[in-house]
Amino acid sequence: MAPGLQRFTDIAGDGGPRLDAASGEELLRMDRAASVALGRRAPEPPGTLFVTTRRVIWLSETEKGQGYAVDFLAITLHAVSRDLEAYPSPCIYTQIDAEDGSDEEAGGSDFEANGDLQLAKVSEMRIILSDPGQLDALFDVFCHCAELNPDPNAVRNEENGWSGGENLAEGGWIHGDEDMIDGNDLEAHMFFTNLIGQNGVRDLGRSVRELQIDDQRFEDAEEEDEIQENGH
Amino acid sequence: MLFFSYFKELVGKEVTVELKNDLAIRGTLHSVDQYLNIKLENTRVVDQDKYPHMLSVRNCFIRGSVVRYVLLPQDGVDIDILHDATRREARGG
Amino acid sequence: MAAAAAAAAAAAEEEIAVKEPLDLIRLSLDERIYVKLRSDRELRGKLHAYDQHLNMILGDVEEIVTTVEIDDETYEEIVRTTKRTIPFLFVRGDGVILVSPPLRTA
């Protein structure tokens, strides 16, 4: 899981953010006089927005050397919002993969007191540009960058034709062989764990999947389902 | 592959995308990519009590990994085609 | 040694019968299945499509969500279930914990 919103202070000589050139990070877009609003806080005084191939960085104009950054990996949703009932300024609305217990604290009064600790809990960020006409273009750049930053566990569907048993094993599936099909008793209990694949999991223990197949039950599965439902 | 192809066929239809954080967004499917990232147009939030401030956004990009469900339109599901595609994919085709 | 070889041969035969777990799910195509998801969600529906990630399309779906709240005063657990039906549903596989034929008993 990518970290959520972070403080950013790594400023280069020209006043811009120092990028991670070694990993190929490039600047794609810059917007001056851009504000960000974190959680339910009021927008920050205008600053400069930098969109790179890896993340969004915002640097304050009023507090030199201060800013925020969030990786595209952590931006789970972005949208153009022009509904002035929903928010007083047209903006790019983003949701951020934040630590649990986010919303209330993030926008709450204890935000300032806890400072950086609370930044990781910010689950929403709005970006307000001086020229709202640029929002659609910024939206498109965000889409492009999201696709440049797929989840580390993601598997491209195109490259992912059905794989046979061996390939599947290589793909991270583990079979519980002892419990596999027994010739006479067609009841099989299988446990298999998906270690990789698109099913990126935070808690491996919970990703253990149990597949229970009982062929005797198959024949009248539908009927049993109804019995069960009636039983409620 | 199966679902990437399936969703591409569904472009232009109304769907409701339900996220793992319980946000449900209804809109016209604009595009989908190979990671099953989803772009919607003319969207609105279904549960407005929970996310009143997201009432309506014009375009919305949703990262595939945060999707829990996509509620599909009745006319967007051809069961025979789905069964065939699933069997073909299962055979390694 | 011989026993081990026999066991290996038997295992190989099993491999032919059912190459992998997902072969078993294929038998459920067009049948009602039971799916358990994270965050205490359960689905019952007809399986219309799936892939190797357990992404699925289900039809005539009944979803049951179970939530447990703690009563502020008595500290008792209050279990609530909400039910809804959905005509056609795509389910992303990364939330799936268990797939099975409908369970015999609730």
Side-chain angles (χ1 to χ4, degrees), chain B residues 1-11 13-26 29 32-38 40 46-47 49-50 62-93, chain C residues 15-16 18-33 35-67 69 80 82-97 99:
Chain B
M1 181 63 192
L2 195 170
F3 290 101
F4 178 39
S5 308
Y6 171 75
F7 279 113
K8 278 197 292 192
E9 291 293 316
L10 213 60
V11 164
K13 291 202 154 64
E14 280 257 306
V15 296
T16 302
V17 180
E18 201 173 299
L19 310 190
K20 286 169 182 156
N21 68 6
D22 295 336
L23 177 64
I25 307 168
R26 185 155 183 79
L29 185 64
V32 62
D33 69 11
Q34 68 269 27
Y35 303 108
L36 303 186
N37 294 326
I38 291 173
L40 298 178
V46 177
D47 182 0
D49 292 342
K50 207 164 175 193
I62 301 159
R63 197 170 260 273
S65 58
V66 296
V67 172
R68 177 190 292 139
Y69 299 141
V70 182
L71 283 68
L72 306 167
Q74 297 266 12
D75 67 344
V77 182
D78 186 316
I79 289 168
D80 293 333
I81 291 178
L82 280 178
H83 290 180
D84 287 350
T86 299
R87 290 200 183 95
R88 211 174 319 129
E89 181 139 321
R91 275 199 301 269
Chain C
E15 288 283 321
I16 294 162
V18 176
K19 281 186 196 150
E20 53 195 72
L22 288 185
D23 281 350
L24 293 165
I25 292 185
R26 197 176 62 215
L27 301 173
S28 290
L29 202 59
D30 209 24
E31 301 283 342
R32 285 190 81 78
I33 59 167
V35 180
K36 190 164 167 51
L37 299 171
R38 287 163 195 239
S39 57
D40 293 315
R41 282 162 198 271
E42 296 167 276
L43 304 173
R44 286 182 177 81
K46 211 171 192 188
L47 180 67
H48 290 312
Y50 69 88
D51 67 8
Q52 69 272 38
H53 308 294
L54 292 183
N55 294 320
M56 288 179 264
I57 289 176
L58 301 177
D60 293 323
V61 185
E62 182 189 73
E63 185 205 40
I64 297 174
V65 184
T66 307
T67 52
E69 290 170 25
R80 286 203 175 83
T82 46
K83 229 185 236 197
R84 63 173 165 165
T85 56
I86 302 150
F88 287 107
L89 184 68
F90 167 78
V91 182
R92 207 175 140 97
D94 53 7
V96 174
I97 295 170
V99 179

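Just so it is clear: chains get the letters A, B, ... in the order the sequence lines come, proteins before strands, and each one is counted from 1. Every heavy atom of this structure was used, including side-chain atoms; hydrogens, water molecules and symmetry mates were not.
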Checking [X] side chain against [Y] main chain: does a donor-acceptor pair fall under 3.5 Å?
| X | Y | value |
| --- | --- | --- |
| C:Arg80 | C:Glu69 | no |
| C:Asn55 | C:Gly93 | yes |
| C:Arg38 | C:Asp94 | yes |

Subject >> Options C:Ile57, C:Val91, C:Val61, ranked by heavy-atom pairs under 4.5 Å with chain B, top entry >> reply: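 Option with the greatest count: C:Ile57.
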
**OP:** Decide, yes or no, whether a salt bridge links C:Arg84 with B:Glu18 under the criterion of side-chain N to carboxylate O below 4.0 Å.
**Re:**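 Yes, this pair counts.
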
Original post:
chain B heavy atoms under 4.5 Å from C:Leu58: which part of the residue, side chain, backbone, both or neither?
Top reply: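 Neither the backbone nor the side chain of C:Leu58 comes within 4.5 Å of chain B.
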
**OP:** Using non-hydrogen atoms and a 4.5 Å limit, figure out which bit of C:Ile86 sits close to chain B: side chain, backbone, both or neither.
**Re:**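 Contact with chain B is through the side chain of C:Ile86 alone.
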
